[in-house]
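Working notes for the structure below.
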Amino acid sequence: MKDLFGKALLDYQNGNYTEDLITSTHISDEDSLPLPYLFRDYKNMPKLEQEALKLSKGKVLDVGCGAGSHSLYLQNKGLKVKAIDVSQGAIAVSKLRGVTHTENKGLLEETEQFDTILLLMNGTGIFQETAKISQYLQHLKSLLKANGQILIDSSDIKYMYEDEDGGFWMDMNAGYYGELDYFLSYKNEKEVPMKWLYLDFDTLKLACDTVDLKCELVLEGEHYDYLARLTL
């Protein structure tokens with residue numbers, strides 16, 4: 001990983017903002033991801049994220065913290081927050097912005113236990129593909145305290161396969177339609193492609209059932225997105 005995401009965050013943090021990140025997938029064209037959006041405050045967050053932050057309690061793990069916006073909000077509310085990210089640049093920016101407890105690591109490397117685990121901005125993406133969902137859910141389960149909760153969001157992207165007649169053109173013999181090849185570029189440099197997973201709620205709930213996690217729908221967004229709460 002070249003950590004172009006981290007480089008972009010550092011550029012913005014250091015006042016060198018000249019262009020945005022460019023993202024695409026194997027089923028969608030290029031789109032810009034505005035850097036200011038990654039530094040947004042609470043009032044500019046989507047309702048799903050706001051609700052997740054309202055529900056957060058106790059000792060919190062912010063998985064894939066990015067620029068640390070969620071961690072900062074909760075920290076300022078007096079909660080004890082640990083922010084982790086595989087991006088060195090993201091962790092550096094989170095520290096510069098004032099997040100007190102950060103670690104440059106992946107979710108599967110985490111061993112502490114928490115009252116609340118946050119996986120936001122399509123938190124299921126970190127699972128990468130359906131074959132790995134169980135592994136990640138089992139690990140998340142091991143990180144929960146007795147009355148703990150996992151707050152995770154995602155989207156049902158079935159709509160992206162819909163044609164003008166209302167039918168769907170996806171190949172039913174292929175893998176799950178939410179498994180995407182994700183591409184990112186910044187300042188004309190391309191990141192190493194990665195797998196990214198969008199999960200519809202029913203599939204997430206079924207996966208949770210198989211590892212004995214309760215899964216409830218907390219809130220639905222305006223565009224096929226949702227927030228779910230997983231508990232022991």
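Hydrogens, waters and symmetry mates are skipped; everything else that's a heavy atom, side chains included, is used.
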Run the side-chain donor-acceptor check on residues 205-224: report pairs under 3.5 Å with partners two or more places apart or on a different chain.
from	atom 1	to	atom 2	distance (Å)
Thr210	OG1	Ala207	O	2.6
Glu216	OE2	Arg229	NH1	2.9
His223	NE2	Tyr159	OH	3.4

Scan the side chains in residues 187-195 for donor-acceptor partners under 3.5 Å anywhere in the protein, sequence neighbours excluded, and list what turns up.
from	atom 1	to	atom 2	distance (Å)
Lys187	NZ	Asp11	OD2	3.0
Glu191	OE1	Lys2	N	2.8
Glu191	OE2	Lys2	N	3.4
Glu191	OE2	Asp3	N	2.9
Glu191	OE2	Leu4	N	3.1
Lys195	NZ	Asp181	OD1	2.8

Quick one: does any side-chain atom of [X] pair with a main-chain N or O of [Y] as donor and acceptor, under 3.5 Å?
{"X": "Asp153", "Y": "Gly123", "result": "yes"}
{"X": "Thr25", "Y": "Ile27", "result": "yes"}
{"X": "Asp200", "Y": "Ser154", "result": "no"}
{"X": "Asn76", "Y": "Leu72", "result": "yes"}

Practice problem: Indicate, with yes or no, if Tyr198 and Leu137 share a hydrophobic cluster defined by side-chain heavy-atom contacts under 4.5 Å among Ile, Leu, Val, Met, Phe, Trp and Tyr. | Solution: yes
Do you know which two heavy atoms are closest between [X] and [Y], and how far apart they sit?
{"X": "Asn104", "Y": "Ile91", "value": "CA-CG1, 3.8 Å"}
{"X": "Asp20", "Y": "Leu33", "value": "CB-O, 3.5 Å"}
{"X": "Gly148", "Y": "Thr231", "value": "O-CG2, 3.6 Å"}
{"X": "Leu35", "Y": "Glu19", "value": "CD1-O, 3.6 Å"}
{"X": "Ser56", "Y": "Leu118", "value": "OG-CD2, 3.6 Å"}
{"X": "Leu144", "Y": "Leu230", "value": "CD1-O, 4.4 Å"}

Within this structure, what is the [atom1]-[atom2] distance for the pair [X] and [Y], rounded to the nearest 0.5 Å?
{"X": "Leu197", "Y": "Leu180", "atom1": "CG", "atom2": "CG", "value": "8.0 Å"}
{"X": "Asp62", "Y": "Tyr73", "atom1": "CG", "atom2": "OH", "value": "14.0 Å"}
{"X": "Ile117", "Y": "Ile152", "atom1": "CD1", "atom2": "CD1", "value": "10.0 Å"}
{"X": "Ser24", "Y": "Asp31", "atom1": "OG", "atom2": "CG", "value": "9.5 Å"}
{"X": "Leu55", "Y": "Leu151", "atom1": "CG", "atom2": "CG", "value": "5.5 Å"}
{"X": "Leu199", "Y": "Asn122", "atom1": "CG", "atom2": "CG", "value": "8.0 Å"}

Please examine the side chains of [Y] and [X], heavy atoms only from C-beta on, and report whether any two atoms are closer than 4.5 Å.
{"X": "Leu184", "Y": "Ile22", "answer": "no"}
{"X": "Glu112", "Y": "Phe114", "answer": "yes"}
{"X": "Val99", "Y": "Gln75", "answer": "yes"}
{"X": "Glu110", "Y": "Val63", "answer": "no"}

Under 3.5 Å, is there a donor-acceptor pair linking the side chains of [X] and [Y]?
{"X": "Thr116", "Y": "Gln149", "value": "yes"}
{"X": "Thr130", "Y": "Glu179", "value": "yes"}
{"X": "Arg97", "Y": "Ser69", "value": "yes"}

Exercise. Just say parallel, tilted or perpendicular for the rings of Tyr161 and Tyr177, cut-offs at 30° and 60°.
Key: perpendicular
Quiz prompt | Evaluation steps, salt bridge (Lys or Arg N to Asp or Glu O under 4.0 Å), between Asp156 and Lys158 | solution = CA-CA 6 Å; Asp156 183 352; Lys158 189 176 181 180; over 6 Å; no
Quiz prompt | Steps toward side chain to side chain donor-acceptor pair (under 3.5 Å) verdict (Tyr42, Glu49) | solution = CA-CA 9 Å; Tyr42 179 82; Glu49 291 178 25; over 6 Å; no
Quiz item: What residues form a ring pair (Phe, Tyr, Trp, His ring centres under 6.0 Å) with Tyr37, not counting sequence neighbours?
Solution: none
Quiz item: Going through the checks in order, is the side-chain contact (heavy atoms from CB on, under 4.5 Å) test met by Gln135 and Leu108?
Solution: CA-CA 9 Å; Gln135 176 191 12; Leu108 296 180; 3.5 Å; yes
Self-check item: Flag if over 12 foreign heavy atoms under 6.0 Å of CG, Asn147
Solution: no
